[in-house]
Amino acid sequence: MTFAKLNLSTPILDAVSELGYETPTAIQEKAIPAILSGRDLIATAQTGTGKTAGFVLPILERLSGERKRRAKRLRALILVPTRELAIQVEASIVQYGKHLNVISMAMYGGVDSEPQKQQLIDGIDILVATPGRLLDMVHQRALHFDELEVLVLDEADRMLDMGFIGDINKIIDRLPEHRQNLLFSATMPEGVRSLAERAIDNPVEVSIEDNRESTPQISQWVVSVDKDNKSTLLSHLIKEHEWTQALIFIRTKHGAAKLVGQLEKRGINAESIHSGRSQAVRTQILADFKSGKIGLLVATGIAARGIDIDELTRVVNYDLPDDADDYIHRIGRTGRAGACGEAVSLVSMDDFKRLCAIERRLDQIIERKNIEGFITKKELPVSNLNFVSKGAVTRKPSEGKQDKSRAKAKGAKAGSKPTNRPQKSSESSSAAKSDADNPWLRNRKK
Ligand code: AMP
């Protein structure tokens, strides 16, 4: 399959080819014809599958004809969960639409709304927005939806997790009845299904969760470490393994600032991104990280949501997230569009319950490595895939069909003993579970 066969016009094909895309990804192959036909669409697709181009390219095709722009009106609305994702999706529109006369805008909270209002008055075609700020603008009569043709709900599960359902419903209530609706979500829990029922009309459904070609190839490993030794170990790994690029997740903004100081003392340059920094600084740091000017970026989970860096090679969990699904989202920053990635977690005793919850969510014991010279005072216990943490959040089996298959797979191996004693770094994992059942691991390089 080629992009040319997808019935996209030359300006779009040129932009795609200038970006070096040779063939459409699985989601693009399925979604683009459906969207071009004018149908509504529900797509199960994770970040890293090329889903953004999957909806942006056909929207650009639809909007590419000359038409007079009216103040405060828009033709396509893309709702996203975070400001970082808004910036990133809008940047993709600019890239894919560079040979077209289409004007896009990213709109999100936490910044002055006046320039955003002015941009709306000047006239736009495509708006990428977070629900809260969008609703504020609607209430202030800064924009009207009477010319809206397409609605996209991107990362719908994430938006629901973040509590945006009320805002989304209020927005949908104000949209014209005749419009095209596209919903993208990494998972399809009940909440997303009912949102789809409300917003979407007789959709084409596509799912690429079982497509091996588009599955990220991520090598995951864990190092057991005492809490007070984490920054020394991280410095060691950065120097010893010559890590020039890594997105390092940490729990708190104070921790982020402290870690950057500790790394700098050891001669390692790093930057941090967290809620304590202004939006302008965060945007600049993200741009510098994206361009490679900054190699090591320490980020709190919220600040790093939605970061899209081509060829991000490595994600480090300095602290593990509380939510097992957040781990999956984090490691999804790497290994995108067929590239290989590495996800390394520094796990102390405090993190152990979280590790167990994550392994349970993945249905996979993550490989452990010993790093020479780093002996822990308290060795991490052997993982128990059946361990259920009271504190950690795990998904209920009713929340998605992925979970049903995982539950089935787990039942099949009942009675097998966890066998993940720390291993030498050259050895592959002795994980009890077959990689083939795990979308995140089955393409992993040995
Ligand atoms: P997404 O899933 O939309 O976040 O996209 C993941 C990454 O894949 C982005 O960095 C895109 O630039 C890249 N990408 C999207 N489509 C293609 C394609 N057809 N070929 C190569 N890379 C792509």
Side-chain angles (χ1 to χ4, degrees), residues 44-48 80-85 130-131 154-165 184-192 195 209 216 218 220 222 227 247-253 255-256 273-275 298-308 315-335 341 343-366 380 383-404 406-407 410 438-441:
T44 309
Q46 287 155 341
T47 299
V80 295
T82 64
R83 60 184 102 179
E84 280 76 18
L85 191 59
T130 52
D154 190 18
E155 301 204 356
D157 51 354
R158 204 78 184 129
M159 289 201 281
L160 264 50
D161 284 350
M162 290 175 74
F164 282 133
I165 187 65
F184 288 77
S185 195
T187 55
M188 282 292 161
E190 204 39 55
V192 176
L195 171 64
E209 59 193 356
I218 301 170
Q220 302 174 64
V222 160
K227 199 176 174 186
L247 178 56
I248 302 158
F249 287 94
I250 194 161
R251 185 170 300 276
T252 65
K253 60 182 175 188
I273 177 171
H274 51 74
S275 60
V298 180
T300 54
I302 293 281
R305 275 202 182 133
I307 292 182
D308 170 35
V315 162
V316 177
N317 289 301
Y318 191 85
D319 297 315
L320 282 177
D322 289 330
D323 183 336
D325 278 355
D326 276 343
Y327 175 87
I328 293 174
H329 278 274
R330 283 184 185 183
I331 71 170
R333 308 293 110 203
T334 177
V344 182
S345 301
L346 312 189
V347 182
S348 63
M349 274 307 285
D350 308 24
D351 294 314
F352 182 64
K353 285 187 179 179
R354 294 183 196 100
L355 175 66
C356 292
I358 289 163
E359 290 181 329
R360 197 163 166 272
R361 175 81 179 98
L362 292 169
D363 212 359
Q364 169 85 38
I365 293 172
I366 303 171
L380 221 50
S383 293
N384 178 349
L385 208 48
N386 297 318
F387 180 97
V388 183
S389 144
K390 282 197 188 113
V393 182
T394 51
R395 198 165 282 261
K396 292 182 220 83
S398 61
E399 282 181 339
K401 69 175 180 213
Q402 263 188 341
D403 297 286
K404 276 186 209 144
R406 286 198 178 111
K410 209 153 87 64
N438 191 309
W440 291 95
L441 292 167

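Note that the coordinates shown come from a computational prediction; the quantities given were computed from them, not determined experimentally.
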Mind listing the closest non-hydrogen atom pair of [X] and [Y] along with its distance?
X	Y	value
Tyr327	Pro321	N-CG, 3.6 Å
Ser275	Thr300	N-OG1, 4.4 Å
Thr44	Ala186	CG2-O, 3.5 Å

Which value, rounded to the nearest 0.5 Å, describes the distance between [X] atom [atom1] and [Y] atom [atom2]?
X	Y	atom1	atom2	result
Leu160	Met162	CG	CE	11.5 Å
Ile328	Ile358	CD1	CD1	8.5 Å
Asp154	Thr82	CG	OG1	9.5 Å
Thr187	Glu155	OG1	CD	10.0 Å

Donor-acceptor pair, [X] side chain versus [Y] backbone, under 3.5 Å?
X	Y	result
Thr130	Arg83	no
Thr252	Gly255	yes
Arg251	Leu320	yes

Run the side-chain contact (heavy atoms from CB on, under 4.5 Å) test on His274 and Ile250 for me, step by step, so that the C-alpha distance in whole Å, both residues' side-chain angles and the decisive distance to 0.1 Å come before the verdict.
CA-CA 10 Å; His274 51 74; Ile250 194 161; over 6 Å; no

Sidechain N-carboxylate O distance under 4.0 Å for Asp351, Lys227:
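Here Asp351 does not pair with Lys227 in a salt bridge, since their nearest N and O are not under 4.0 Å apart.
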
Ionic contact status for Arg158 with Asp326, cut-off 4.0 Å
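Arg158 and Asp326: salt-bridged.
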
Check each of Asp323, Asp322, Asp319 against Arg354 using the salt bridge (charged side-chain N to carboxylate O under 4.0 Å, His left out) test, and report the only one that passes.
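That would be Asp322.
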
Quick one: does [X]'s side chain get under 4.5 Å of [Y]'s, heavy atoms only?
X	Y	value
Leu195	Met159	no
Leu247	Arg330	no
Ile366	Glu359	yes

Pick out which of Asn317, Val347, Leu346, Val344 makes a side chain to side chain contact (heavy atoms under 4.5 Å, CB included) with Val222.
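Only one option passes, and that is Val347.
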
